[in-house]
Every structure is written in C-alpha cells, then in structure tokens.
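This report refers to the structure that appears directly beneath it.
Both ligands and their constituent atoms are indexed starting at 1 by order of listing. Hydrogens, waters and symmetry mates are skipped; everything else that's a heavy atom, side chains included, is used. For clarity, every value in this text was computed on a predicted model and none was experimentally measured.
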Amino acid sequence: MTDLQIEKEFKASARAHANIAVAKYWGKRNSDLNLPLFDSVAFNVEGLYTETTAVWDDDDFRDELIINDWQVPSHVMGRVQRILDSIRKDVGWSKRCVLRSRNNFARSAGLASSASGCAAAALAAASAAGLELSESQLSMLARLGSGSAARSIPAGWTRWYAGSDPDGSDAFAQTIAPPDHWPLHVFVVQISATQKAVSSSEAMMRCEKSPFWQAYLHEASQAADYAQTAILQRDFSALTYAMHHNMMLLHALCMTCDPPVCYVEPKSLELVKRILRACQAVQACCTMDAGANVVVLCEGASYPFVKNDIIALGVPFIQTKIGTGAQRI
Ligand code: 2P0
C-alpha cells in the first residue's frame, strides 16, 4: 500500500455544531464517563461549529490536537484522549491520531466549544478508523470527551438521557424534534470572547457543596420533561418559563458555591433584563450557559423588536437558526 493510500484509508473530516441547553446538564453521577445526574434538553446552533480532520498513522500513543493553529499541550488533551482511547480499544490497534480542528467562534467562552469540538472529533476519528457507529454510539463516544457533546451529534432539538447503567451504555442523546420543527430565530450575543476563569467541570463539583444543591436537584430533575413538552407543542410561553427558570437556577447556584463562581458579566445582565422585560410583550426568551454570553430565541413577528434591543447593547452578535447534527464533510 502506498503512503497516499494509507492516508486516504485512515483520514476523515466532520463538522458539529455547538448546542445550547434549555434544561441544563449540571452535576455528574460518574465524572470519568461524564454521566449526568438527570436528563437535559438543548438545541444545536447552526452558526457555531467546529470542523475537524482526523488522521490515524504510526503505532504510537502520542496523539496530537491542533485547534485553530494552536497545538494543545498533551496534559490538557485529556478529554479528547478518552475518545481516541475508546476508538483504539474498539478497533484493536495502537495507532496515534492527529486531530486538526477549527472553530468559527471563541473557545471556552460559554458557547459550548467543547461540545462541538468533542462531537466533531468523535465523528471524524471514528470514521477515519473505519468504525461504523450508530448515532447513539457516536453520542456516547462524544460524551466521553465532554458531557454536553453527546447532544451535538443528533440534529435539531435534542434530549440527553441520563440513563441508569453504571457503564453509561444508556446515556446518549437523541433528536426530539428536527431543526425545521419550529423556525425560531437564534441570536448569539457575544458579551465576552475571553476564556472563562472556572471550567464547567470544576464549577459543577463546587456546586455540590452549595447549601442550595438539594433544592437545585429537585427543580432541575423535572426541567427536561417540561422543556420537551414546550418544544413539541411549540408553546413559546412555556419555553420562556423553562429557559428563564433553568438559567436563573443554574447561575444562582453557581454564585452560592465556595469559592463562588460568577459567569454573569454586567452586559450579560443588561441583556437578560431587557429580554425579561420584552418577553411580557413579545415572543422572546434567553439563556446563558457556563459563560457570559447570552443566547436569545424569538419568533418571526418579534424579530425586528428583539434585534433592535440587541443592537442597542453595542456588542457583537450573530443571527442564526436551530442547527443540524454532526456530519461528515
Ligand atoms: C449544558 N453546560 O447543559 C450545561 C449548562 C454549561 C451550562 O454542559 O465536564 O463542558 O465536559 O462534561 O459539557 C458544560 O459542561 O462539561 C455544560 P463536562 P461540559 O450545556
């Protein structure tokens, strides 16, 4: 076999979108396997994606990950390494993998770059290794890198099932509604492009010590069912309640852990307050994940009003729609 044939054989590229949670994942029943305590519901964001090319070559475990021309130091590759180790085990070889990855948005700023990154890496690396995995198997593979990446494999509106198996074989995400089920406008408002000071994994651990943790668990464990019903019925008022309640619970919890974690910046709060006011008159709602950026959803009739409100804030934003699932490119 020539060098060219080898490269063709073990090389593949994939694209995956970031996803934003309506009912959020926060808390793990197993941190090695990224198994959540309860189900979560999210939507993919068409305008935020990672493209990754995977190449398997020599027998050598020193994998490489290059993100936007930055060679990731081996000691922080841990998350992606779990995906590659799992593929090596399945294929039964000891080749190394080189992953070249490109995000079209800021990394680690609360816009789920680890979700799109790990989902694209899982699909590209599994395809390059010749593994033919089902969507659920890919979702579980992506989950090993970053929990929320499980939701960036299926398309549109997704639900990640917490499952109950200790080995995580039932903890994968599935589409609950396709991207065109509800043609909402999505605004991603970039309040900050800098990396968050506290990782989600670290913040989740700290939150378990909050005096409000038990109350949070009670509320959050019901959130996925409520959000799914709102989405399936295209009930904007119910979606608004679900998103705002769940966002406030998460950020209030973060602020009460020790040491406290505050992802909210003044401009985030300004926009959230604008949307809280606006949603009494128009069909608009918003959420924040673990970072300062705010994602706003609205229906067509409310679009001009919401867009003007966001422009008035004077920060960069993108307009997009509910996104597709991970795909080979
Ligand atoms: C979510 N977040 O549901 C929640 C809401 C952030 C806030 O999932 O430790 O990077 O890799 O499993 O997936 C971010 O957490 O955490 C996240 P790990 P991940 O989207």
Under 3.5 Å, which donor-acceptor pairs link side chains of residues 129-136 to any protein atom two or more places apart or in another chain?
unit_1	atom_1	unit_2	atom_2	d
Ser134	OG	Gln137	N	3.1
Ser134	OG	Gln137	OE1	3.3

| Is the number of heavy atoms from other residues, nucleotides or ligands under 6.0 Å of Arg29 CZ greater than 12? | yes
Identify each donor-acceptor pair in which a side-chain atom of residues 140-147 lies under 3.5 Å from a protein atom, sequence neighbours left out, and give them as a table.
unit_1	atom_1	unit_2	atom_2	d
Arg143	NE	Leu33	O	2.9
Arg143	NH1	Gly168	O	3.0
Arg143	NH1	Ala171	O	2.9
Arg143	NH2	Leu33	O	3.3
Ser146	OG	Arg79	NH1	3.2
Ser146	OG	Ser114	OG	3.0

| Any salt bridge between Arg82 and Asp85, counting N to O under 4.0 Å? | no
Enumerate donor-acceptor pairs with a distance under 3.5 Å from any side-chain N or O in residues 213-221 to protein atoms, sequence neighbours excluded.
unit_1	atom_1	unit_2	atom_2	d
Glu219	OE1	His245	NE2	2.8
Ser221	OG	Leu217	O	2.9
Ser221	OG	His218	O	3.0

N/O pairs closer than 3.5 Å, ligand 1 and protein:
unit_1	atom_1	unit_2	atom_2	d
ligand 1	3 (O)	Tyr25	N	2.8
ligand 1	3 (O)	Arg151	NH1	3.0
ligand 1	3 (O)	Arg151	NH2	3.1
ligand 1	9 (O)	Lys28	NZ	2.6
ligand 1	9 (O)	Arg79	NH2	3.4
ligand 1	9 (O)	Ser201	OG	2.4
ligand 1	10 (O)	Ser114	OG	3.2
ligand 1	10 (O)	Ser146	OG	3.2
ligand 1	11 (O)	Arg79	NH1	2.8
ligand 1	11 (O)	Arg79	NH2	2.8
ligand 1	11 (O)	Ser146	OG	2.9
ligand 1	12 (O)	Tyr25	OH	2.5
ligand 1	12 (O)	Lys28	NZ	3.3
ligand 1	12 (O)	Gly147	N	2.8
ligand 1	13 (O)	Ser146	OG	3.1
ligand 1	13 (O)	Ser148	N	2.9
ligand 1	13 (O)	Ser148	OG	2.6
ligand 1	20 (O)	Arg151	NH2	2.7

| query | Is there a donor-acceptor pair closer than 3.5 Å between any side-chain N or O of His244 and the backbone N or O of Cys286? | reply | yes
